[in-house]
There are 4 protein chains.
Amino acid sequence: MSYRPMDYIAALAEFNKEGYLKSSMRNIAGSAGVAIGNIYRYYKNKDELFDELVRPVYERYEANMAEMRQKISFSYSNDPPDVLKYYSKIEATLIDLFKTFTAEMTIVFNRSEGTKYAHAKPDLIKLSFSVIESMILKVRGNESLSEYETALARMLSSSLVEGLCLILRDNKEGYTYKKLVDQLLSIYSTGLNSVIQQMQASGRDQTQ
Amino acid sequence: MSYRPMDYIAALAEFNKEGYLKSSMRNIAGSAGVAIGNIYRYYKNKDELFDELVRPVYERYEANMAEMRQKISFSYSNDPPDVLKYYSKIEATLIDLFKTFTAEMTIVFNRSEGTKYAHAKPDLIKLSFSVIESMILKVRGNESLSEYETALARMLSSSLVEGLCLILRDNKEGYTYKKLVDQLLSIYSTGLNSVIQQMQASGRDQTQ
Amino acid sequence: MSYRPMDYIAALAEFNKEGYLKSSMRNIAGSAGVAIGNIYRYYKNKDELFDELVRPVYERYEANMAEMRQKISFSYSNDPPDVLKYYSKIEATLIDLFKTFTAEMTIVFNRSEGTKYAHAKPDLIKLSFSVIESMILKVRGNESLSEYETALARMLSSSLVEGLCLILRDNKEGYTYKKLVDQLLSIYSTGLNSVIQQMQASGRDQTQ
Amino acid sequence: MSYRPMDYIAALAEFNKEGYLKSSMRNIAGSAGVAIGNIYRYYKNKDELFDELVRPVYERYEANMAEMRQKISFSYSNDPPDVLKYYSKIEATLIDLFKTFTAEMTIVFNRSEGTKYAHAKPDLIKLSFSVIESMILKVRGNESLSEYETALARMLSSSLVEGLCLILRDNKEGYTYKKLVDQLLSIYSTGLNSVIQQMQASGRDQTQ
DNA sequence: CATGAATGAGCTTTCATTCAT
DNA sequence: TATGAATGAAAGCTCATTCAT
C-alpha cells in the first residue's frame, strides 16, 4: 500500500495482538524503535493513533455498507428476497477489504473494545439480522417477527458474523478466505432454508 | 437463587459489563453502595472476588465436560459417530448451567480475559472441533484433515460456540434457550451434512 | 500484678513482638478474643492503647531518673565522683522495674519507635553520657570534653545502654538480670578505668 | 563518591531516617523534588530501590565476612585464640566500609527491618558471639558454655556490635571511627579479660 | 457493654501524556 | 524534529477507626 512509518506498523501489530485496552504506548514506541514522545508528534493520543490506523479502512467499509443497506431496504418492497444474494454482496465487500487491510479489519471487528469502533461488529450483526428478518417476513407474510423468531434471527446473525470474523482473524494468508466464507454462508443458507420450510409447514399446520 | 450480598451482585454486573481487566474494585464498591475497603473483608483481592463468583459454576461445568470428553474419545473407535448426539449432550449441560447461572456463565465464556478462566471458551471450541473432525474423518475415511478441512472445522466449531455463547449472553429470560440452541444445532447439522455430501461427491469425482 | 484484661495482655504481647508500628489492632483484638470495636471502648486509639500500657511504668521510671539526675548534677561540684556508684543506682532502678514490668520496660526501650516514648532510650544514653562526662572531667580537671572525648563518651554510653536493653530484652526469666548487668557494668568500669588512666598518663606526657 | 541522582540521595536519607517500613515512596519522591511516578523509571519497586542502594555495599561486606568466618573456624583448632586479633579484622572491614558508605552501612545494620538485609546485624552478633565463646572455652577448657556464660556472651556480643553500629551511625565525619572503635574494643577486652580471670579463680576455688 | 461490618485515608504501583532539551 | 525524563491520575490493597445494632 502507501508508505507506512514504523510506528504505524508497530501500533497495528500491538493493537492486533493485545486489543486496544491492553495495548501500551510504550510497547508500540519500543517495537517501532522510536521514542515514546515522538509518537505524540504524529498522533494526539492513544485514541487518535487507533483512529488514524482504522478510520480510512472503516470509512470504506462503511460506505459500502451504507449502499448495501439502502439496497436491502429498497428490496424489502419487492419480490422474492434472496438472502444469499445480499450476503454475497456483504461477503464480497468484507473479503475485499480484509484481503487488503487484514490487520485493520481484524482490529475493527475483534480488537476495538474501548474505542468508538466497538460498534462495528454489532452494526454488522444488525445488518445481518435485518436481512434474515426480511427474508422470514417475506416467506411468512407477516408484519413482524414473533419474539422467538426475533431471538432466532439475532442468534443466527450473531453467529454468522462471528464466524466471518473468526475466519478473518485466524486465516492470515487470505487466499482461503473466500472458500471458507462461501462454505459458511452455504451451511447457513442450507440450514436456514430447511428451518424456514419447517416454519412454513408448521405455520400451515397451525392454520388448518 | 440463594441470597447474594450487594457487592456480589455489583461485581457480577461489573464483570459482565466491563470484563475482568476493565472492572475496577472502586466501581464495584461504588455501585454496591459500599466503601472500597469493605469488599476486602469478604474477598481477599480482585482475583479471588472473580474466582468466588465463577468457580462453583465453572467446576460443575468442568465436571460435566470431563465426562463428555471421555465418552467422545471412547466412541471414536466405534461406529458412525453422531455429531448431533454429542452436541446435544454439550447443549444440555450448557443450557442447564446457563439457565441457573446466566451471569456467571456469561462471564466465564465472554468476560474472563486476564483470569485463569480465559481458557474456557477455547477449550469448548477445541472440544467442538474434535467432534467435527472425527465426524469428517469417519465419513471420508482418511487419517487426517487437509489444511483446508482443518480451517473449515476450526471456523465452524468457533462459529458454533460463539453462537451458543451469544444466545446465552443476550437472552436473559432463559426459557427460549433450548429452542434457540436446538435450532442453531439443527442449522449447523443440516448445512454440515450437505457440505460433507458435496465433499464425498467431489472426492469421488476426482478419483474417477 | 494487678488485674489485667485480656486485651491489655494481648496488646503487650503484640507490641513486644512486633513493635508499635507493625502491631495491628486487629491482631491484638484477635488474640485477646474480643471484637475490634470493643478495644476502642477502653482506649481511644492505638496511640492511647500504647500509652495506657506504658505510661504508669514509664512514669515510675522517670521519677527515679529525675531524682538520679539531680544527685548527679549536684555531685558534679563535689569530690571524687564515682561512676560505678551512679551506674549502680541506675542499674538498681532499671532492674527493679524490669523485673516487675518486663514487657512494658522492654517495649519502652526497644519497641517504641513511632511513639512519644521513643526518646526513652536516647534519654538514658544522655544520662549515661553525662555520668561518663563528669567522670572524665573530674579526672582530667578540664572545663569541657574534647571532640574526641565527646565521641568516645557518647559511644560508650550508647553501647552500655544497648547492652542493658539487650539483657532486658532477651532474658525473660529475670533472675539472671542482676548478675548479667553487674558483669556488664564491671566490664565497662574496668575497661573505662584503664582508658582513663591512659588518658591521664598521656596527658602528663604531653604536659612535660 | 560517584554521581548520585536526587532520588538516590533522597531515598538514602528517608530510609536512614524512617527505616524501610515507614519510608514512603511519596515522601522520597517529594524530598527529591520529583513526581512519584518518575522513581519507577529507575527502580522497579520499593524493594528494588532499597536493594539498589544497599546491595553493592552489602556484597563487599559479606565477601570480607565470609573470609573472616573461615579464618576463625580454622583457628579454633589451634593455640590461644586471640579475640582482639579477630575483632581487629572485623573492625578494619567495617570501618573501611562505613567510612566510604556511611549511610548505606547504617541502613543495612540499623534500618533494614522488613527487607532481606534484616539478618545483617544478627549475623554479625552471631559471629561476635562465636569469637567470645571460643575464647571462654579455650581459657576454661570445657566442652560448652554454661547457661549463664551463654547469656553473658550473648549480651556482650550484642552490646559490642551495637556499640560498633552506634559509632558508625552517629559519627558522620569518619576520621575518628578507628580511634573510637579501637577504644571500644580495648575497653571490652580489658574488661573481658578480668572477668575471665575471675571465672578461672572462682572455678579453682570451687574445685578445691 | 460488645460486636464486627463499614469507612476512607493513604500506601505502592502503572501508564497515558507532557515538555525541556 | 526527536528524545526520554518527568508528570499525575487512577488502580489494587491495608488498616486504624467508627457506628448501627
Side-chain angles (χ1 to χ4, degrees), chain A residues 5-7 18 20-30 32-50 114, chain B residues 5-7 18 20-30 32-50 114, chain C residues 5-7 18 20-30 32-50 114, chain D residues 5-7 18 20-30 32-50 114:
Chain A
M6 274 311 286
D7 47 9
E18 304 288 347
Y20 177 79
L21 286 173
K22 276 170 78 183
S23 288
S24 131
M25 295 297 270
R26 256 189 188 69
N27 264 0
I28 292 170
V34 294
I36 171 86
N38 200 29
I39 290 187
Y40 285 85
R41 281 199 64 76
Y42 300 97
Y43 311 99
K44 202 179 135 208
N45 53 33
K46 192 180 170 184
D47 252 54
E48 198 180 289
L49 169 57
F50 188 89
Chain B
M6 270 312 284
D7 47 8
E18 305 287 348
Y20 178 78
L21 286 174
K22 265 174 80 189
S23 289
S24 130
M25 296 298 269
R26 270 186 179 77
N27 261 0
I28 293 171
V34 153
I36 170 82
N38 198 34
I39 290 187
Y40 289 87
R41 276 193 63 76
Y42 303 97
Y43 310 97
K44 206 178 134 209
N45 51 35
K46 193 180 168 183
D47 252 54
E48 197 180 289
L49 169 56
F50 188 90
Chain C
M6 273 310 287
D7 48 9
E18 304 288 346
Y20 177 78
L21 286 173
K22 278 169 75 184
S23 288
S24 131
M25 295 298 270
R26 254 188 190 71
N27 264 0
I28 292 170
V34 295
I36 173 85
N38 200 30
I39 290 188
Y40 286 86
R41 283 200 61 77
Y42 300 96
Y43 311 97
K44 201 179 135 208
N45 53 32
K46 192 179 170 185
D47 253 54
E48 197 180 290
L49 169 57
F50 188 90
Chain D
M6 272 313 286
D7 48 10
E18 305 288 348
Y20 178 79
L21 286 174
K22 265 174 80 188
S23 288
S24 130
M25 295 299 268
R26 268 188 180 77
N27 261 0
I28 293 171
V34 154
I36 172 80
N38 198 34
I39 290 188
Y40 289 86
R41 275 193 65 75
Y42 302 98
Y43 311 96
K44 206 178 134 208
N45 52 35
K46 192 179 169 184
D47 250 54
E48 197 180 289
L49 169 56
F50 189 90

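Just so we're on the same page: letters track the sequence lines, and every chain starts at 1.
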Between P of F/dA16 and CG of C/L21, the distance in whole Å
10 Å

Out of E/dT13, F/dT7, E/dA9, minimum distance to the side chain of B/I36 belongs to E/dA9

What's the CG-C1' distance between C/L49 and F/dC15, to the nearest Å?
15 Å

Starting at the 5' end of DNA chain E, which residue's closest nucleotide do you reach first, A/M25 or C/R26?
C/R26

Calculate the interatomic distance between A/D47 atom CG and E/dC15 atom P; express it in whole Å.
17 Å

Strand-adjacent residues in residues 39-46 of chain A, judged by heavy atoms under 4.0 Å from DNA chain F
A/R41, A/Y42

Measure the shortest side-chain to side-chain distance between B/Y42 and B/N38 over non-hydrogen atoms and say whether it is less than 4.5 angstrom.
yes

By ring-ring contact (aromatic ring centres under 6.0 Å, His included) - contacts of D/Y20 (at least two apart):
D/F15, D/F50

Starting at CD1 of D/I28 and ending at C1' of E/dC11, how long is that distance when rounded to a whole Å?
12 Å

Side chains of B/L21 and A/L21: closer than 4.5 Å at any heavy-atom pair?
no

If you compare all heavy atoms of C/N45 against all heavy atoms of C/Y40, which two are closest, and at what distance to 0.1 Å?
CA-CE2, 3.8 Å

5'-most by nearest nucleotide on DNA chain F - B/S23 or D/G37
D/G37

Indicate yes or no: at least one non-hydrogen side-chain atom of D/L49 is less than 4.5 angstrom from one of D/M25.
yes

Any idea which of E/dG10, F/dG4, E/dT7 is nearest the A/A35 side chain?
F/dG4

Those residues that, when tested against D/K46, pass salt bridge (Lys or Arg N to Asp or Glu O under 4.0 Å) (two or more places apart):
none

Given Watson-Crick or G-U pairs with both distances under 3.5 Å, what dot-bracket string fits DNA chain F, with | for other-strand pairs and [ ] for crossing?
.||||||||||||||||||||

Not counting sequence neighbours, which residues clear side chain to side chain contact (heavy atoms under 4.5 Å, CB included) with B/A32? List them please.
B/M6, B/D7, B/A10, B/V34

What is the distance, to the nearest angstrom, from the CG atom on B/N27 to the P atom on F/dA11?
7 Å

Separation of F/dG12 P from B/K22 NZ (nearest whole Å)
13 Å

Taking only residues two or more places apart in sequence, or in another chain, which ones meet B/R26 in a side chain to side chain contact (heavy atoms under 4.5 Å, CB included)?
B/S24, B/I36

Which nucleotide, E/dT3, E/dA9, E/dA6, lies nearest any side-chain atom of C/N38?
E/dT3

Non-hydrogen atoms of D/S23 and D/E18 that approach each other most closely:
OG-CB, 3.7 Å

